[in-house]
Visitor: 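Got a structure for you, questions after.
As the structure is a computational prediction, the values presented were derived from the model and not from experiment.
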Amino acid sequence: WLSRGEFGQNRVEFDRLDANNDNRVDRAEYLNPRPADSAVARFDVLDRNNNGWLSRGEFGQNRVEFDRLDANNDNRISRAEYLDQRPQDSAVTRFDVLDRNNDRVLVRSEWRNEPRSFDRLDLNGDGRVTRDEYLNPPPADDREARFDVLDRNRDGLIARGEWRNEPLAFARVDRDNNGVVSFREYWDHGQADDDYSWGDRFRRYDRNGDGVVTRSEWLGDADTFAVLDVSRNGVLERGEINNPSGLAARFRMLDSNRDGWISRAEWRDSPATFDFFDRDGDGRITREEHVGP
């Protein structure tokens, strides 16, 4: 048999010929070499310490490929895992690659280079995606495709700058008023259309849930706030917001050309408040949208 010293400096070739990994090449191994491009040969070449599995150091710098082959996430690749490679594009493989800490759940910080929306897969809204949620996504519809089109930087959120050619009003879909639209907010906007009422508007205004709307919480202009504040106590109560008489007068005043709706040119407050009242996103505020049913 040949030792490494007798064989010479070509370690890769020695490892390919050493079929049983006993650190020597006998006559039979030498005369019947394994194909250089076989998976078995490649594994044996990588397994430098001949312990039957590959560490990250032995495997090299391709972390994504290592994670794909490490099927049981034990941070090493066995011979069986190496020889029975999973398809690169399988959902299981993709999940395991994303799950960097091998805890069987994905958090937002692990969600990199993933084309699907985190919020869409996080079915219970707990801020993490389990393997079951990842492998069994909800059915896609036009909203999903539209969200992906709008989310140009693929960060899972739609900013105002990305909100282009979208018939819905940004302020209405951004239900928590944080300046971005999550997939969950976008996904739920259909139900929001059905449930949207004047009473729901009060809940949207009252962001801290203390039962009154302060001037800082109010999305409209100061004049409208003053009209609604019948008690003159500096806050709006539910009864004041639900009383449409003041808003009706305010609508008539803003509708300067008396065409039955308020255009952006007639609006005296910010674009954000215009979008808030413009429920159907058609670029004008009707009496029903401003005053309520």
Side-chain angles (χ1 to χ4, degrees), residues 119 125 127 150 157-164 166-293:
D119 289 328
L150 293 171
L157 299 168
I158 302 175
R160 280 191 178 274
E162 296 173 310
W163 196 262
R164 302 173 185 172
E166 172 56 46
L168 294 169
F170 183 94
R172 182 160 60 86
V173 181
D174 179 21
R175 305 185 88 177
D176 58 6
N177 299 303
N178 66 346
V180 292
V181 172
S182 68
F183 186 85
R184 188 170 298 280
E185 288 174 321
Y186 195 82
W187 184 269
D188 290 342
H189 77 74
Q191 182 177 356
D193 289 343
D194 297 334
D195 295 342
Y196 196 84
S197 67
W198 195 241
D200 293 324
R201 286 185 182 182
F202 179 84
R203 288 193 292 272
R204 285 196 62 194
Y205 282 124
D206 183 19
R207 298 174 196 170
N208 61 6
D210 63 355
V212 295
V213 177
T214 63
R215 183 67 187 92
S216 62
E217 292 175 312
W218 176 247
L219 294 178
D221 61 296
D223 290 341
T224 303
F225 187 93
V227 168
L228 292 176
D229 185 16
V230 177
S231 63
R232 298 294 184 265
N233 61 353
V235 296
L236 299 181
E237 300 171 355
R238 182 181 295 274
E240 291 175 319
I241 285 186
N242 287 344
N243 181 3
S245 59
L247 285 175
R250 181 70 174 154
F251 180 86
R252 288 192 298 270
M253 186 182 70
L254 291 173
D255 182 20
S256 57
N257 62 4
R258 298 296 184 268
D259 59 0
W261 49 272
I262 302 170
S263 66
R264 287 190 181 272
E266 294 171 314
W267 189 248
R268 298 184 181 180
D269 202 37
S270 68
T273 60
F274 185 94
D275 291 339
F276 175 77
F277 282 100
D278 182 19
R279 288 184 54 192
D280 57 10
D282 64 353
R284 60 185 188 178
I285 299 174
T286 65
R287 185 185 187 283
E288 181 179 359
E289 287 174 325
H290 190 270
V291 179

Visitor: Whether the side chain of Arg252 engages the backbone of Arg258 through a donor-acceptor N/O pair (distance < 3.5 Å, no angle test) should be reported.
Guide: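 No, because the side chain of Arg252 does not come within donor-acceptor range (under 3.5 Å) of the backbone of Arg258.
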Visitor: Heavy atoms only: give me the nearest Phe251-Trp261 pair and the separation to one decimal.
Guide: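 Phe251 and Trp261 have their closest heavy atoms at CZ-CA, 3.9 Å.
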Visitor: Within this structure, what is the OH-CG distance for the pair Tyr186 and Leu157, rounded to the nearest 0.5 Å?
Guide: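 If I round to the nearest 0.5 Å, the distance is 14.0 Å.
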Visitor: With a 4.5 Å cut-off on side-chain heavy atoms, are Leu254 and Trp267 touching?
Guide: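 Trp267 vs Leu254: side chains touch.
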Visitor: Who pairs with Thr286 by side chain to side chain contact (heavy atoms under 4.5 Å, CB included), at least two apart in sequence or on another chain?
Guide: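 Applying side chain to side chain contact (heavy atoms under 4.5 Å, CB included) to Thr286 gives Glu288, Glu289.
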Visitor: Which atom pair, heavy atoms only, marks the closest approach of Glu162 to Ile158?
Guide: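 Distance-wise, the nearest heavy atoms are OE1-CA, 3.3 Å.
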Visitor: Under 3.5 Å, is there a donor-acceptor pair between the side chain of Asp255 and the main chain of Ile262?
Guide: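 Judged by distance alone, no pair lies under 3.5 Å.
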Visitor: Under the rule for side chain to side chain contact (heavy atoms under 4.5 Å, CB included), what residues qualify as partners of Ser256, not counting sequence neighbours?
Guide: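 With sequence neighbours excluded, Ser256 shows a side chain to side chain contact (heavy atoms under 4.5 Å, CB included) to Glu266, given in chain and number order.
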Visitor: Taking only residues two or more places apart in sequence or in another chain, which ones pass side chain to side chain contact (heavy atoms under 4.5 Å, CB included) with Asn233?
Guide: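 Partners of Asn233 by the side chain to side chain contact (heavy atoms under 4.5 Å, CB included) criterion, ordered by chain and then number, come out as Asp229, Ser231, Val235, Glu237.
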